[in-house]
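Letters A, B, ... mirror the listed sequences (proteins, then strands); counts begin at 1.
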Amino acid sequence: MPELPEVEVVRRGLDRWVTGRTVASAEVLHPRAVRRHEEGPADFAGRLAGRVVAQPRRRGKYMWLPLLPEGAADGRADGAAAESTESTEPAEPTKPAEPVEPTEALLAHLGMSGQLLVGEPDRERHKHLRVRLTFSDGGPDLRFVDQRTFGHLLVADLVPSKVGDRVPAPVAHIAADPLEEAFDEEAFFAALKRRRTGIKRALLDQSLISGVGNIYADEALWRSRLHWARPTETMTRAEASRVLEAAREVMSAALGVGGTSFDAMYVNVNGESGYFERSLEAYGRRDEPCTRCGTPIRRDEFMNRSSYSCPKCQPRPRRARY
DNA sequence: ATGAGGACCTGCTCGC
DNA sequence: TGCGAGCAGGTCCTCA
């Protein structure tokens with residue numbers, strides 16, 4: 001279940017394996033994977049062929065590969081893409097070119113089960129392979145594999161975002177994530193006071209704060225001792241800061257774990273952080289003792305999914321909001 | 001505009 | 001052994 005840390009690990013893997021390379025072809029094996037590309041699969045593939053991939057970017061759970069015109073310089077000073085493996089030596093001549101500002105990007109959202117895998121072009125095709133990109137150097141290809149098809153890829157124009165940078169159009173309304181420098185804590189707190197909803201719903205609202213999913217929301221709330229149905233308008237500035245800091249902590253920890261196995265990610269740029277197996281304090285621990293107080297963790301239904309919390313550390317507010 | 005709930009999707013697990 | 005129910009949840013869509 002990729003949330004921000006897992007997506008960031010994938011982004012780093014993509015930076016290592018595809019930045020600076022030229023797309024030869026894009027093959028859409030399941031139209032649903034590109035359903036948000038309004039002009040359809042053929043246009044999607046057409047826009048990718050021949051483009052040079054610039055350094056991958058990310059905001060929250062979205063990531064994107066800026067696309068440069070064919071033959072453009074990739075913006076890398078060290079030509080690191082060429083050292084990925086012997087078979088990925090770029091075929092293009094390395095003549096200097098004017099830096100070009102990308103106007104489009106390949107945008108990816110992994111959804112629930114999406115993976116971006118880099119590997120030898122002739123390896124076996126996974127059952128849930130949805131999209132495949134090949135590169136002009138004949139080196140490792142890039143595969144979008146997604147069992148549940150909640151994820152998607154599309155090519156979009158880069159437009160100004162509410163954060164102030166240029167991002168793919170579908171990301172323009174997304175707030176910065178709490179690990180970004182640009183994250184506006186004052187604006188987040190003001191939004192909490194304005195909203196008439198519960199804190200967990202607010203944490204999952206990507207227009208207020210991006211990158212937080214169900215798992216890290218529960219973990220951040222457990223750490224900050226806040227109940228998920230706490231009305232946001234009653235929260236103090238200190239409580240808001242607490243839950244933000246907790247979110248940063250859990251996501252940074254997960255990123256740290258995911259990052260440690262990063263060097264071995266040649267064929268497995270897949271967003272598995274390994275974090276879930278060890279460090280979760282609330283999520284998925286129904287009836288297990290709270291590691292702070294020993295009270296059994298409870299599971300509530302919320303938004304058609306689960307919320308885990310400690311009944312003692314996170315008492316339900318008298319006025320709950322969902 | 002805002003808040004709340006459902007739809008989408010497939011594989012796995014559980015109970016009968 | 002078979003099979004249906006339940007569960008997993010990010011985002012978009014609809015409705016009040």
**OP:** Name the nucleic acid region contacted by Arg299(A), choosing base, sugar-phosphate or nothing; use a 4.0 angstrom heavy-atom cut-off, strictly under.
**Re:**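 Arg299(A): backbone/sugar contact only, no base atoms under 4.0 Å.
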The side chain of [X] is closest to which nucleotide in this list: [options]?
| X | options | answer |
| --- | --- | --- |
| His109(A) | dC9(B), dA8(C), dT11(C) | dT11(C) |
| Arg32(A) | dT10(B), dG10(C), dC9(B) | dC9(B) |
| Tyr62(A) | dC8(B), dT11(C), dA8(C) | dT11(C) |
| Met112(A) | dG11(B), dT11(C), dA8(C) | dA8(C) |

Can you measure [X] atom [atom1] to [N] atom [atom2] for me and round it to whole angstrom units?
| X | N | atom1 | atom2 | answer |
| --- | --- | --- | --- | --- |
| Gln147(A) | dC12(B) | CD | P | 7 Å |
| Arg285(A) | dA8(C) | CZ | C1' | 19 Å |
| Lys200(A) | dG10(C) | NZ | C1' | 12 Å |
| Leu107(A) | dG10(C) | CG | P | 17 Å |
| Leu208(A) | dT2(B) | CG | P | 10 Å |
| Asp146(A) | dG10(C) | CG | P | 13 Å |
| Lys193(A) | dT2(B) | NZ | P | 18 Å |
| His173(A) | dA1(B) | NE2 | C1' | 16 Å |

Original post:
Take atom CD in Glu101(A); do more than 12 heavy atoms of anything else shown fall under 6.0 Å from it?
Top reply: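 No, the 6.0 Å shell around CD holds no more than 12 heavy atoms from other groups.
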Distance test, side-chain N/O of [X] to OP1/OP2 of [N], below 4.0 Å:
| X | N | answer |
| --- | --- | --- |
| Gln206(A) | dG10(C) | no |
| Ser306(A) | dA8(C) | yes |
| His128(A) | dG11(B) | yes |
| Tyr216(A) | dG10(C) | no |
| Lys127(A) | dG11(B) | yes |

Which atoms of nucleotides 3-7 of chain B (N or O only) lie under 3.5 Å from a protein N or O atom, and what are those distances?
unit_1: dG3(B); atom_1: OP1; unit_2: Arg196(A); atom_2: N; d: 2.7
unit_1: dG3(B); atom_1: OP2; unit_2: Arg195(A); atom_2: NE; d: 3.1
unit_1: dG3(B); atom_1: OP2; unit_2: Arg195(A); atom_2: NH1; d: 3.2
unit_1: dA4(B); atom_1: OP2; unit_2: Thr197(A); atom_2: OG1; d: 2.7

Subject >> Mutual orientation of the aromatic rings belonging to Phe302(A) and Trp228(A) [parallel < 30°, tilted 30-60°, perpendicular > 60°] >> reply: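 Correct class here is tilted.
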Subject >> Over-ring placement of Arg130(A) relative to Phe144(A), 6.0 Å and 45° cut-offs >> reply: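 Not satisfied by the 6.0 Å and 45° rule.
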Subject >> Geometric cation-pi criterion Arg59(A) and Trp64(A), 6.0 Å radius, 45° cone >> reply: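 The answer is no, since Arg59(A) fails at least one limit relative to Trp64(A).
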Original post:
Within the side chain of Arg196(A), is there an N or O that forms a donor-acceptor pair under 3.5 Å with the backbone of Lys193(A)?
Top reply: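 Such a contact is found between Arg196(A) side chain and Lys193(A) backbone.
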**OP:** Verify the cluster assignment for Phe44(A) and Val23(A): are they in a single hydrophobic cluster under the rule of side-chain heavy atoms below 4.5 Å apart?
**Re:**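 Yes, one cluster joins them.
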Original post:
Among Arg194(A), Arg195(A), Arg319(A), which one satisfies salt bridge (charged side-chain N to carboxylate O under 4.0 Å, His left out) with Glu233(A)?
Top reply: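 Looking at Arg194(A), Arg195(A), Arg319(A), the match for Glu233(A) under the salt bridge (charged side-chain N to carboxylate O under 4.0 Å, His left out) is Arg319(A).
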Original post:
Does Glu185(A) reach the side chain of Leu244(A), with side-chain heavy atoms less than 4.5 Å apart?
Top reply: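 Result yes, sub-4.5 Å side-chain heavy-atom pair found.
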**OP:** Find which nucleotide of DNA chain C each of Pro170(A) and Phe150(A) is nearest to by heavy atoms, and output the residue with the more 5' nucleotide.
**Re:**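 The residue mapped nearer the 5' terminus is Phe150(A).
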